[in-house]
Protein chains: 2
Amino acid sequence: MSRSGADLALLLLGGFRSLVDTATAELARRGYEDVRPVHDFAMRAIAAGAGNASELGRRLSVSKQAAAKTIAVLQERGYVTRGTDPRHARRMRLQVTPLGFEVLRTGEAIFDELRDQWERQIGTAQLESLETHLAALVGDQPVRFDTAGWMSRDLGEPV
Amino acid sequence: MSRSGADLALLLLGGFRSLVDTATAELARRGYEDVRPVHDFAMRAIAAGAGNASELGRRLSVSKQAAAKTIAVLQERGYVTRGTDPRHARRMRLQVTPLGFEVLRTGEAIFDELRDQWERQIGTAQLESLETHLAALVGDQPVRFDTAGWMSRDLGEPV
DNA sequence: AGTCAATGACATCCAGGTTGTCCAAGCAAG
DNA sequence: CTTGCTTGGACAACCTGGATGTCATTGACT
């Protein structure tokens, strides 16, 4: 039975959502209730060197204003701090706090557990080939995170 | 090189976005400029039998109010009509218009072309195994479409 | 000094979504 | 026949992650 192109897209979305939704839920269960995927990705980018709002925006393919908003909530929640760059008075110097790193580590652990689960379901070789082929198809273009809304609310049955 | 669980999620998202973004852009190029993925999916559900707002909401895992909003724009754009059920005065009877079906067909064609392209890139057997395994992993749980925002705006470089 | 580019702040708008409240129909049961 | 439950729909207020547009500051380069 050959699947349509649209089905393929749905499959990819379904896989992504399945991973991310359960990861978010699990993160909440472990005590980080207010972390959304977008926060995780943003922290990751900051930890990887995005030191200011504009740069973060660039890495996430998002406007600097949007990045600034995310930074604001991250800071409010205590996951990042924004000292000032001593050399450039006006520029922030973002840093992930220990608490932030805690979230990052926990998130990674959860994702890895989920991956392991998948691996047990279809086999090591299969999962690896899936990843390899997908990587070949997607290339290394940056993933856009302009995903307003759906990454932000908690799940649960809608009315 | 073994990939982390988070990378896997990113890969899936990347694949989905790659398909959907180019499909949307191509749809616009062919004259349907105001169609967003969410509209396509909603029309698909309506064509498949979702005859009223509540039902549509259920199929998309979205509140009936949200479904009603989508229906409103679909109707305004002329893609669906909402006659009244003769037996249940208050209930809508949604129908996809010929124009709507045109969009659906075009969309399908585009998605299939993209799938073909992928098939040429990694091979028929590879793509099929990718789909099979992914389907096994995702199962047949409905995909949630509560994706406010990111499916809606047109692409283009952010400031 | 004078211009230019870039950071970030502020304010306004948008698109999907969520609640919550309310009304109108049907339907079942007393 | 009335009472009450359930379901579809409308309306309103609000949220979130985005986009724009404008502006002041600042550092760099001429």
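Sequence lines set the chain letters: A, B, ... in the order given, protein chains first and strands last, and positions in each chain run from 1. Computed from a predicted structure; not experimentally measured.
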S.K.: Who pairs with A:Ala47 by side chain to side chain contact (heavy atoms under 4.5 Å, CB included), at least two apart in sequence or on another chain?
M.R.: A:Val96, A:Phe101, A:Leu104
S.K.: How long is the line joining CG of B:Leu74 and C1' of C:dG16, in whole Å?
M.R.: 14 Å
S.K.: May I have the distance from A:Arg17 (atom CZ) to C:dG17 (atom P), rounded to whole angstrom?
M.R.: 11 Å
S.K.: Any side-chain heavy-atom pair from A:Ile110 and A:Thr106 closer than 4.5 angstrom?
M.R.: yes
S.K.: State, to the nearest 10°, the angle formed by the axis through the first five base pairs of the helix from C:dA1-D:dT30 to C:dG30-D:dC1 and the axis through its last five.
M.R.: 0°
S.K.: Could you tell me how far apart B:Asp40 (CG) and C:dA15 (P) are, to the nearest whole angstrom?
M.R.: 19 Å
S.K.: Are there any protein N/O atoms within less than 3.5 Å of an N/O atom in nucleotides 7-10 of chain D, and if so, which ones and at what distance?
M.R.:
| residue | atom | partner | partner atom | Å |
| --- | --- | --- | --- | --- |
| D:dG8 | OP1 | B:Arg58 | NH2 | 3.2 |
| D:dG8 | OP2 | B:Arg58 | NH2 | 3.0 |
| D:dG8 | N2 | B:Arg90 | NE | 2.6 |
| D:dG8 | N2 | B:Arg90 | NH2 | 2.8 |
| D:dG9 | OP1 | B:Met92 | N | 2.9 |
| D:dG9 | OP2 | B:Ala53 | N | 3.0 |
| D:dG9 | OP2 | B:Ser54 | N | 3.1 |
| D:dG9 | N7 | B:Lys64 | NZ | 2.8 |
| D:dG9 | O6 | B:Lys64 | NZ | 3.0 |
| D:dA10 | OP1 | B:Arg82 | NH2 | 2.7 |

S.K.: Does B:Gln95 have any side chain to side chain contact (heavy atoms under 4.5 Å, CB included) partners at least two apart in sequence or in another chain, and if so, which?
M.R.: B:Thr81
S.K.: Could you state the atom-to-atom distance from CZ of B:Arg36 to P of C:dG16 in whole Å?
M.R.: 7 Å
S.K.: Write down the distance between CD1 (A:Ile71) and P (D:dG18), rounded to a whole number of angstrom.
M.R.: 12 Å
S.K.: Listed by chain and number, what are the side-chain hydrogen bond (donor to acceptor under 3.5 Å, both in side chains) partners of A:Arg29, not counting sequence neighbours?
M.R.: A:Glu26
S.K.: For A:Arg77, which residues count as a side-chain hydrogen bond (donor to acceptor under 3.5 Å, both in side chains) partner, sequence neighbours excluded?
M.R.: A:Asp34
S.K.: Rounded to the nearest angstrom, tell me the gap between atom CG in A:Leu56 and atom C1' in C:dA9.
M.R.: 16 Å
S.K.: With sequence neighbours left out, what residues match B:Glu113 under salt bridge (Lys or Arg N to Asp or Glu O under 4.0 Å)?
M.R.: B:Arg30
S.K.: Tell me which donor-acceptor pairs under 3.5 Å the side chains of residues 117-127 of chain B have, and how far apart each pair is, sequence neighbours excluded?
M.R.:
| residue | atom | partner | partner atom | Å |
| --- | --- | --- | --- | --- |
| B:Glu119 | OE1 | B:Arg115 | NH2 | 3.0 |
| B:Glu119 | OE2 | B:Thr124 | OG1 | 3.0 |

S.K.: So does A:Arg58 pair up with A:Glu55, basic N to acidic O under 4.0 Å?
M.R.: yes
S.K.: How long is the line joining NZ of A:Lys69 and P of C:dT12, in whole Å?
M.R.: 13 Å
S.K.: Send over the distance from A:Phe41 CZ to D:dG17 C1', rounded to a whole Å.
M.R.: 15 Å
S.K.: Identify, with sequence neighbours excluded, every residue that meets salt bridge (Lys or Arg N to Asp or Glu O under 4.0 Å) alongside B:Arg44.
M.R.: B:Asp40, B:Glu108
S.K.: If you compare every side-chain N and O of B:Ser63 against the phosphate oxygens of C:dG17 (OP1, OP2), does one of them come in below 4.0 Å?
M.R.: no
